[in-house]
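The structure appears right after this line, and notes come after that.
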Amino acid sequence: MEKIGNMLKEKRIELGMSVEDISEKTRLTTKHIKALEEGDISFFHEDLSYLRFFVKSYCDAVGIDFEDMKDELCESIDDYTMTSVQSAQLSHEEIEHNIAKSEKLTKVQTADVKMPRQKRRRAKPDVSLISLVAIIGVVVIVLMFAFVIFMQTDSGKDNKPTNNMPIAGENDKEAYPSDDEKLKEEQKEEVKELEIVKNDVTDYTINNVKEGEKLKVETKFNGSNSGYSVTVDEKDIRENKIFNVGQTATSEIEVKKGTKISIYIGCMVQTDIKINGKVVKTDSSINPSTYPGYCPSNTLTFTVGEVNESAK
């Protein structure tokens, strides 16, 4: 990581740029930039998941090809992660040893204490309570029998024949809808649901949308913090911003046939994407379910295809 920091610093000085100039271009704080130049990877222990995104932003600002140092950066991150895991494991083993020692001492102390046995007393049945329950049961049975007789008598009155015939009127319109209402119902049924067709791992087509309809794009970051931006027809509608684990980015986009939506995700790990509530199915090759040691960045493209004519 120190070699990468030296390369970035030397290139910045060569271009005559200050730390503040880099901060303005990359939108990173001066503390982040100094830590990158010093190769202080421990500074990013809470932001390790998008350290790759920081370095790439710095490279773009000074005109260095990020691909030339990507492998070395990944190796530095893996070494730091392995060292942190080993340190945490040693601390955990020491804690477990102390707990086991404490439990053993507690068992020895409690073994010498004899607990007195308590004699169980048999509860005598309460005769008055039993009598009360029996009386209540008899009363309930009598009431139920009287209710049944009353219902049979009342139903006999309701079954008498009547000469009143139903009169045709305005209520028939509700029972029998008109042809226009039937046509409207059939047109509603013909409206197709939103369809997301996967062309390859990062390219999709959205069909059956209304002309001028607003699509709600929701992106939830479940596995890692990540940089995130959205462009529509190559115009930024959401500038690059970092979202933490558990947060959801939401954008409403007005579309028409041929609209192209590009979503950039700087660190894609267990990331969920929904369009109008419909889940976008992504490949595990670009969206792993567990953190692989470094974060893959991806740009997903969605093109509006068929427009739902009946919904215009």
Side-chain angles (χ1 to χ4, degrees), residues 1-88 219-231 236-251 262-271 286-288 290-299:
M1 184 64 187
E2 292 181 2
K3 182 179 178 181
I4 294 174
N6 290 333
M7 290 176 62
L8 296 173
K9 184 176 181 180
E10 290 175 1
K11 188 64 176 179
R12 174 179 63 78
I13 296 173
E14 180 184 337
L15 295 174
M17 299 175 70
S18 65
V19 173
E20 288 73 15
D21 293 334
I22 300 298
S23 176
E24 185 177 352
K25 274 197 160 191
T26 61
R27 297 181 183 175
L28 299 175
T29 66
T30 55
K31 291 183 179 180
H32 282 74
I33 294 170
K34 290 179 181 179
L36 287 174
E37 292 184 348
E38 294 172 1
D40 184 9
I41 195 171
S42 62
F43 179 82
F44 303 94
H45 67 281
E46 294 182 354
D47 303 328
L48 199 62
S49 58
Y50 44 91
L51 176 58
R52 180 174 178 271
F53 173 74
F54 292 159
V55 176
K56 186 178 185 301
S57 297
Y58 198 128
C59 288
D60 293 340
V62 297
I64 294 177
D65 188 357
F66 175 70
E67 296 297 325
D68 294 340
M69 60 178 64
K70 183 172 70 174
D71 293 339
E72 184 170 349
L73 176 61
C74 291
E75 185 177 347
S76 299
I77 293 174
D78 291 342
D79 291 342
Y80 179 79
T81 303
M82 184 62 68
T83 303
S84 300
V85 170
Q86 290 175 351
S87 176
T219 305
K220 185 174 183 181
F221 305 90
N222 299 307
S224 175
N225 302 338
S226 175
Y228 179 78
S229 64
V230 179
T231 61
D236 293 338
I237 68 164
R238 177 184 283 278
E239 295 183 354
N240 205 327
K241 180 182 176 182
I242 294 174
F243 286 84
N244 296 324
V245 173
Q247 288 187 319
T248 300
T250 303
S251 302
S262 297
I263 300 175
Y264 169 76
I265 301 174
C267 185
M268 194 168 181
V269 178
Q270 199 178 348
T271 304
I286 65 168
N287 188 17
T290 56
Y291 185 71
Y294 67 93
C295 285
S297 63
N298 295 286
T299 300

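Among pairs with a residue in residues 68-80, those fulfilling salt bridge (Lys or Arg N to Asp or Glu O under 4.0 Å) read Glu67-Lys70, at least two apart in sequence or across chains.
With respect to the salt-bridge test (charged N to carboxylate O, under 4.0 angstrom), the residues Lys9 and Glu38 do not qualify. Checked for salt-bridge contact, Asp21 and Lys25 miss the test: no charged N lies under 4.0 Å from a carboxylate O.
Taking CE of Met82 as the start and CD1 of Ile77 as the end, the distance is 13.5 Å to the nearest 0.5 Å. Atom OG of residue Ser229 and atom CD1 of residue Ile237 lie 10.0 Å apart, to the nearest 0.5 angstrom. Note: Ile22 CD1 to Lys11 NZ = 11.0 Å, rounded to the nearest 0.5 Å. Gln247 contributes atom CD, which lies 11.0 Å from atom CD1 of Ile242 (distance to the nearest 0.5 angstrom).
Looking at Asp65, Leu8, Ile4, Thr26 one by one, the single match for side chain to side chain contact (heavy atoms under 4.5 Å, CB included) with Cys59 turns out to be Leu8.
Here the side chains of Val230 and Asp236 are not in contact, with every heavy-atom distance at 4.5 Å or above. A heavy-atom distance below 4.5 Å is not found between the side chains of Cys267 and Arg52. Side-chain atoms of Phe221 and Gln270, non-hydrogen and from C-beta on, never get closer than 4.5 Å to each other. Under the 4.5 Å side-chain criterion, counting only non-hydrogen atoms from C-beta, Leu36 is in contact with Leu28. Counting only heavy atoms from C-beta outward, the side chains of Phe243 and Thr248 never approach each other to under 4.5 Å. No side-chain heavy atom of Val62 sits less than 4.5 Å from a side-chain heavy atom of Glu14. Side-chain atoms of Lys31 and Phe43, non-hydrogen and from C-beta on, do get closer than 4.5 Å to each other.
In this structure, Ile33 and Val19 approach most closely via the heavy-atom pair CD1-O, 3.6 Å. Considering every non-hydrogen atom in both Ile64 and Met7, the closest pair reads CD1-O, 4.1 Å. Looking at every heavy atom in both residues, Thr81 comes nearest to Leu48 through OG1-CD2, 3.6 Å. Between Tyr50 and Ser226, the shortest heavy-atom contact is CD2-N, 4.1 Å.
Residues His45 and Ser42 have side chains that never bring a donor and an acceptor to within less than 3.5 angstrom of each other. No hydrogens or angles considered: a donor-acceptor pair under 3.5 Å links the side chains of Thr219 and Tyr228. Under the 3.5 Å distance criterion, with hydrogens and angles disregarded, a donor-acceptor pair is assigned to the side chains of Ser224 and Ser49.
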Assess the residue pair Glu37 and Arg12 against the criterion (side chain to side chain contact (heavy atoms under 4.5 Å, CB included)); give the C-alpha distance rounded to whole Å, side-chain angles, the decisive distance to 0.1 Å, and a yes or no.
CA-CA 10 Å; Glu37 292 184 348; Arg12 174 179 63 78; 2.6 Å; yes

I'd like to know whether Tyr80 forms a side chain to side chain contact (heavy atoms under 4.5 Å, CB included) with Met1, so could you lay out the CA-CA distance, the side-chain angles of the two residues, the decisive distance to 0.1 Å, and finally the verdict.
CA-CA 10 Å; Tyr80 179 79; Met1 184 64 187; over 6 Å; no

Assess the residue pair Ser297 and Met268 against the criterion (side chain to side chain contact (heavy atoms under 4.5 Å, CB included)); give the C-alpha distance rounded to whole Å, side-chain angles, the decisive distance to 0.1 Å, and a yes or no.
CA-CA 6 Å; Ser297 63; Met268 194 168 181; over 6 Å; no

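The six-membered or imidazole ring of Tyr58 lies away from that of Phe54, with a centre-to-centre distance of 6.0 Å or more.
At distances below 3.5 Å, not a single donor-acceptor pair connects side-chain atoms of Asn222 with backbone N or O atoms of Thr271. With Asn298 contributing its side chain and Ile265 its backbone, the two residues share no donor-acceptor pair below 3.5 Å.
Aromatic ring pairs are classed by plane angle as parallel below 30°, tilted from 30° to 60° and perpendicular above 60°; the pair Phe53 and Tyr264 is tilted.
No more than 12 heavy-atom neighbours from other residues, nucleotides or ligands sit within 6.0 angstrom of CD on Glu24.
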